[in-house]
Amino acid sequence: MNDSVLEQALIWLNDPLNWSGRGGIPALTLEHLGMSVAAVALAAAIALPVGVWLGHRGRGATATVVVANTSRALPTLALLFIFAATGIGFGNRPTVIAAAVFAIPPILSNAVTGMAGVDPAARDAARGMGMSGARSLALVEVPLALPLIGAGLRTSAVQVIATIPLAALVGGGGLGTIIVTGFANRRFGEVVAGGLLVVVLSLAAEGALAFGQRALTPKALRGRR
Amino acid sequence: MVVSVPNPWLSWDYVRDNWGDITTALDQHVSLTAQAIGIAALVALPLAVLAYGRPRLAGAVLGLTGALYTIPSLALFAVLYPMLRDRRATVLVGLVMYALLVLVRNILVGLQGVDPAVTDAARGLGYGPARLLLTVQLPNALPAVITGLRLATVTTVALVTVGIVVGYGGLGQLMYRGFNSQYRAEITTATLLTLAVALTADVALWLAGRLVMPWARTGVRS
């Protein structure tokens, strides 16, 4: 039984027809990545300024923890279904919004922690050199907090890529469609193939981001994790 | 489609008329969560203890659990179901896996965070490895273990809903039905109940943590 399902999955993956056209694997992967980028960008646009400001002012640590814990308890699907029942509707847009909502907590809390963890001595030195508050923020504090901010973006990106497949349950696109269509037609080889594709994409994204984060971290800060 | 029928977000009539369905879904949800956390905790503890004594193994375990955790739940259920061919087992195995990842990580980090001076002192007093583990290291790691349990439970409660992809999603099943029939009250009721389950479990575990760690009551809350 196992073999036959895996075999079917391999056969499906080897069928050139599944690799071309609008519903083909490359097109779905691109759509998946596009939606993920949109969701992370949306979340970052909201969470980064707020997090940097809160951390800079040394406030909001408790509030961000509460936000993060509450968001963990709320199922993504519930949010998707609620969106579908309101004006936001079905498909890709509500999924991007829902994924962005769940991407906010990691970005926010990492930005707050990173900014709050900046050595006060560095801040004092910047002020002592005559930097204005804004200059010190942009040239000293944010660069020092960058490793943690980057880690938050990475966590949220991986999480978003894993969330986007749910779009297929509310009529959207991306790689999740392969899984959901397969279930609907009881073609389990296809289900497994879709699942494997999503897994590979998630792991590849995690690897690429880990590498990118390492490459972008200044040498002096590496090894501190 | 013109909607002329009132479609409220909350409706007591809905709750009353569907009481049976709601309790069935709730029961499914709670029992899945409880079983998953129970099994995961039983497996995670020995695994974490095993990895703790061997730094290289600990690194591998942390790396592997981190990578596994990025696997989307939908994909995991998709790969498991054709192999297990059982709805409940599929959801349960998936949930155990995710809970396991969170728990092993937290227990391991908790054990690693035990003050070396404390373990040294215990060793100096003549404690053997087993006694050291049971009476010194594990109690000291308990805050991290409880945090891990709370985190795993809350995530699991939310994750059960993804089980709708195999038709066994507890309260998610009601959400899905409400979504398909565009009936708002059903979606909202199921969502609120899911949040309530998560919150209740979280508070219960927090209280249990306070009960088993009387020394932490006056200290800083985690």
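A note on names: the letters A, B, ... follow the listed sequences, proteins ahead of strands, and every chain is numbered from 1. Basis for what follows: all heavy atoms, side chains included, without hydrogens, waters or symmetry-related copies.
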- Message: Between Tyr183(B) and chain A, with a heavy-atom cut-off of 4.5 Å, which part of the residue counts as in contact: side chain, backbone, both or neither?
- Response: neither
- Item | Contact summary for Leu169(A) and Phe179(B), nearest pair of heavy atoms | O-CE2, 3.7 Å
- Most contacts with chain A, counted as non-hydrogen pairs under 4.5 angstrom, among Val197(B), Leu195(B), Thr155(B): Leu195(B)
- Task: Please flag which part of Val170(A) lies under 4.5 Å from any non-hydrogen atom of chain B: side chain, backbone, both or neither.
- Result: both
- Item | Contacts of Ile46(A) that satisfy side chain to side chain contact (heavy atoms under 4.5 Å, CB included) - sequence neighbours left out | Ile104(A)
- side chain to side chain contact (heavy atoms under 4.5 Å, CB included) between Ile82(A) and Thr188(B), worked out: CA-CA 7 Å; Ile82(A) 289 174; Thr188(B) 336; 5.5 Å; no
- Between Ile164(A), Val199(A), Val180(A), Leu197(A), which shows the greatest number of heavy-atom pairs under 4.5 Å with chain B? Val199(A)
- Query: chain B heavy atoms under 4.5 Å from Phe81(A): which part of the residue, side chain, backbone, both or neither?
  - Reply: both
- Message: By the definition side-chain contact (heavy atoms from CB on, under 4.5 Å), identify the one residue from Val162(B), Leu74(B), Val165(B) that meets it with Pro165(A).
- Response: Leu74(B)
- Ranked by heavy-atom pairs below 4.5 Å to chain A, first place among Leu80(B), Leu171(B), Val79(B), Leu76(B) goes to Val79(B)
- By a 4.5 Å heavy-atom criterion (distance strictly below it), what part of Val157(B) contacts chain A: side chain, backbone, both, or neither? neither
- Checking heavy-atom separations under 4.5 Å from chain B, one finds in residues 151-163 of chain A Val158(A), Ala162(A)
- Message: Just so I know, are the side chains of Met175(B) and Pro75(A) near enough to count as touching, which here means a heavy-atom distance under 4.5 Å?
- Response: yes
- Part of residues 26-38 of chain A lying next to chain B, heavy-atom separation under 4.5 Å: none
- Pair count under 4.5 Å, heavy atoms only, with chain A: among Leu199(B), Thr156(B), Asn180(B), Ile187(B), highest is Ile187(B)
- By a 4.5 Å heavy-atom criterion (distance strictly below it), what part of Leu166(A) contacts chain B: side chain, backbone, both, or neither? both
- Item | More than 12 heavy atoms of other groups within 6.0 Å of Arg56(B) CZ | no
- Counting heavy-atom pairs under 4.5 Å to chain B, which of Val192(A), Leu79(A), Leu175(A) comes out on top? Val192(A)
- Item | With Arg177(B) via salt bridge (charged side-chain N to carboxylate O under 4.0 Å, His left out) - residues at least two apart | Asp21(B), Glu186(B)
- Task: Between chain A and each of Asp202(B), Ile164(B), Leu159(B), count heavy-atom pairs under 4.5 Å; write down the option with the most.
- Result: Ile164(B)
